[in-house]
Amino acid sequence: MLDQAYSRRQFLGLAGGLASIVGLGLVGCGGSNAADTAKGSVAAESVSGEVTYDGASSFQALVEAAAEKFMDANPDVSISGSGNGSGKGLTAVAAGTVTIGNSDVFAETKLEADQVKNLVDHEVAVVGMGPVVSKNVTVDDLSLEQLKGIFSGQITNWKEVGGDDATIVVLNRKAGSGTRATFEAAVFGDEAVDFKGDAELDKSGDVQTQMGSTDNAISYLDFSHFDDSKFNAIKVEGVEPKSKNVTDDSFKIWATEHMYCAKDADDATKAFLKFMLSDDVQGKLVEEQGFIPVSAMKVVKDASGKVSAK
């Protein structure tokens with residue numbers, strides 16, 4: 001999975017007249033519930049144009065995989081983007097410098113109200129996120145209170161949480177990261193925290209790399225970036241970091257993945273977002289990429305973080 005800028009060639013020539021897509025229809029940039037929108041195969045008119053995005057690196061690989069499929073069927077559309085964090089993605093789409101802003105958090109938590117009112121939210125998936133530790137760390141379960149102590153700098157040695165006598169190396173994400181915001185909301189609630197740790201990293205891929213080469217470290221990642229060859233994902237409050245445990249909120253650290261566009265988005269952007277909510281993506285690609293379809297959730301979370309039954 002790539003965290004750097006992503007682009008793909010446009011196919012021209014004979015393929016140009018063959019554009020059609022599953023679940024596509026050039027409707028307005030609206031509708032946030034994938035379960036309500038994914039309807040099966042619908043013929044579409046040919047579309048053309050350039051779609052650009054920025055935002056959360058946590059589900060950039062899902063967007064890239066969907067973009068490949070979309071461009072294969074719509075050769076006159078070019079889709080490219082980067083994963084520079086939810087805050088930057090939301091700021092960029094509000095400013096009109098990209099056509100889609102990808103985010104782990106609701107736009108209301110990052111933007112002013114007058115900016116939010118001009119955007120339309122598309123909830124494309126749910127992602128679990130959890131703590132990961134270096135391969136040499138013997139701790140395999142931490143409570144939320146212990147995580148709070150570690151990520152506030154109050155707990156500094158692994159022996160304080162049942163591990164070996166070794167200084168804890170805290171690898172954090174930079175401010176503006178939706179993954180960081182989701183993790184801190186679950187661990188700290190409304191309590192403000194400004195602890196930076198030993199390093200603040202830009203992207204999920206950076207965390208993967210650093211965790212794989214650092215002893216005694218702890219960080220956090222979305223489930224799709226877990227890699228047990230480099231580090232260990234651990235339990236929280238005795239609950240395994242598994243998708244099935246996210247669906248009913250047994251595992252508490254999770255977020256809805258949002259793709260925002262402007263209300264007056266161009267046809268290519270509308271068409272791609274419609275495709276993200278189609279059966280082609282929701283019925284197969286979402287789970288293949290390590291995410292949870294919105295339709296599989298038994299609970300919902302609002303912009304304030306409140307969880308309630310569907």
Side-chain angles (χ1 to χ4, degrees), residues 1-3 32-35 38 53-67 81 83-87 89-90 100-107 109-110 121-132 173 176-187 201 203-208 211 219-228 231 233-236 239-260 273 276-277 281-303 305 307 310:
M1 52 193 68
L2 303 175
D3 283 317
S32 62
N33 192 325
Y53 65 85
D54 198 0
S57 61
S58 58
F59 70 109
Q60 186 179 355
L62 171 61
V63 176
E64 289 173 354
N84 291 313
S86 297
L90 290 169
I100 296 173
N102 299 330
S103 178
D104 296 322
V105 296
F106 286 87
T109 67
K110 296 287 186 180
D121 183 11
H122 301 73
E123 296 182 356
V124 299
V126 169
V127 60
M129 302 174 183
V132 294
R173 289 289 302 277
S177 160
T179 303
R180 175 171 174 169
T182 298
F183 181 80
E184 289 184 344
V187 173
L201 305 174
K203 302 175 183 179
S204 299
D206 298 336
V207 175
Q208 281 184 314
M211 285 297 303
S219 190
Y220 45 87
L221 283 165
D222 61 277
F223 292 178
S224 69
H225 279 86
F226 284 0
D227 185 345
D228 59 12
F231 45 78
I234 64 173
K235 299 174 185 176
V236 177
V239 181
E240 290 187 295
K242 302 288 186 183
S243 293
K244 65 179 181 180
N245 295 328
V246 170
T247 60
D248 63 359
D249 197 42
S250 294
F251 191 86
K252 301 295 184 181
I253 311 173
W254 58 275
T256 304
E257 305 290 42
H258 307 265
M259 297 179 74
Y260 285 91
L273 288 168
M276 288 297 303
L277 299 175
V281 176
Q282 294 298 315
K284 184 177 181 182
L285 196 59
V286 166
E287 290 185 288
E288 286 180 352
Q289 291 291 322
F291 297 89
I292 305 165
V294 174
S295 59
M297 294 295 293
K298 300 174 183 176
V299 295
V300 294
K301 183 182 291 187
D302 64 19
V307 177
K310 275 189 173 181

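Here the CD atom belonging to Gln60 is positioned 8.0 Å from the CG atom belonging to Asn84, to the nearest 0.5 angstrom. Taking NZ of Lys242 as the reference point, atom NZ of Lys235 lies at 10.5 Å (rounded to 0.5 Å). Taken from OG1 in Thr247 to NZ in Lys298, the straight-line distance is 5.0 Å, to the nearest 0.5 Å. If you take CG on Leu277 and CD on Glu123, they are separated by 9.5 Å, rounding to the nearest 0.5 Å. To the nearest 0.5 Å, atoms CG (Leu273) and CD1 (Ile100) are separated by 4.0 Å.
Taking the six-membered ring for Trp and thresholds of 30 and 60 degrees, Phe291 and Phe59 have ring planes more than 60 degrees apart, a perpendicular arrangement. Ring geometry, Tyr260 versus His258: the interplanar angle falls under 30°, so the pair is classed parallel (tilted spans 30 to 60°).
Within the 3.5 Å criterion, the main-chain N or O of Arg180 finds no donor-acceptor partner in the side chain of Arg173. The main-chain N or O of Trp254 is found under 3.5 Å from a side-chain atom of Lys301 such that the two form a donor-acceptor pair. No donor-acceptor pair closer than 3.5 Å links the side chain of Tyr53 to the backbone N or O of Gly89. A donor-acceptor contact shorter than 3.5 Å links the side chain of Lys310 to the backbone of Met297. Panel note: side chain Gln208, backbone His225; a donor-acceptor pair is recorded below 3.5 Å. Side chain of Ser86 to backbone of Asp104: a donor-acceptor contact under 3.5 angstrom is found. Between the side chain of Ser57 and the backbone N or O of Ser204, at least one donor-acceptor pair lies under 3.5 Å.
Residue Asp206 comes nearest to Leu201 through the heavy atom pair O-CD1, 3.8 Å, listed as atom of the first residue, atom of the second, then distance. Closest of all the heavy-atom pairs between Ser219 and Val207 is OG-CG1, 3.4 Å. Between Met129 and Ala255 the shortest heavy-atom distance is CE-CB, 4.0 Å. Across all non-hydrogen atoms, the minimal contact from Gln282 to Val294 is OE1-N, 4.1 Å. When all heavy atoms are compared, the tightest approach of Ser103 to Leu90 is OG-CD1, 3.5 Å. Nearest heavy-atom pair, Thr109 versus Val105, reported as atom, atom and distance to 0.1 Å: OG1-CG2, 3.4 Å.
A heavy-atom distance below 4.5 Å is found between the side chains of Phe231 and Leu221. Looking only at side-chain heavy atoms (C-beta outward), Glu257 and Ser58 come within less than 4.5 Å of each other. The closest side-chain heavy-atom distance from Lys252 to Val236 is not below 4.5 Å. Phe226 has its side chain within reach of Pro241: a pair of non-hydrogen atoms, C-beta onward, lies under 4.5 Å apart.
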Apply side chain to side chain contact (heavy atoms under 4.5 Å, CB included) to Ile253 and Tyr220, showing your working. CA-CA 10 Å; Ile253 311 173; Tyr220 45 87; over 6 Å; no
Tell me, with the steps shown, if Val281 and Val124 meet side chain to side chain contact (heavy atoms under 4.5 Å, CB included). CA-CA 9 Å; Val281 176; Val124 299; over 6 Å; no
Just do the side chain to side chain contact (heavy atoms under 4.5 Å, CB included) check on His122 and Met276 with the steps written out, would you? CA-CA 9 Å; His122 301 73; Met276 288 297 303; over 6 Å; no
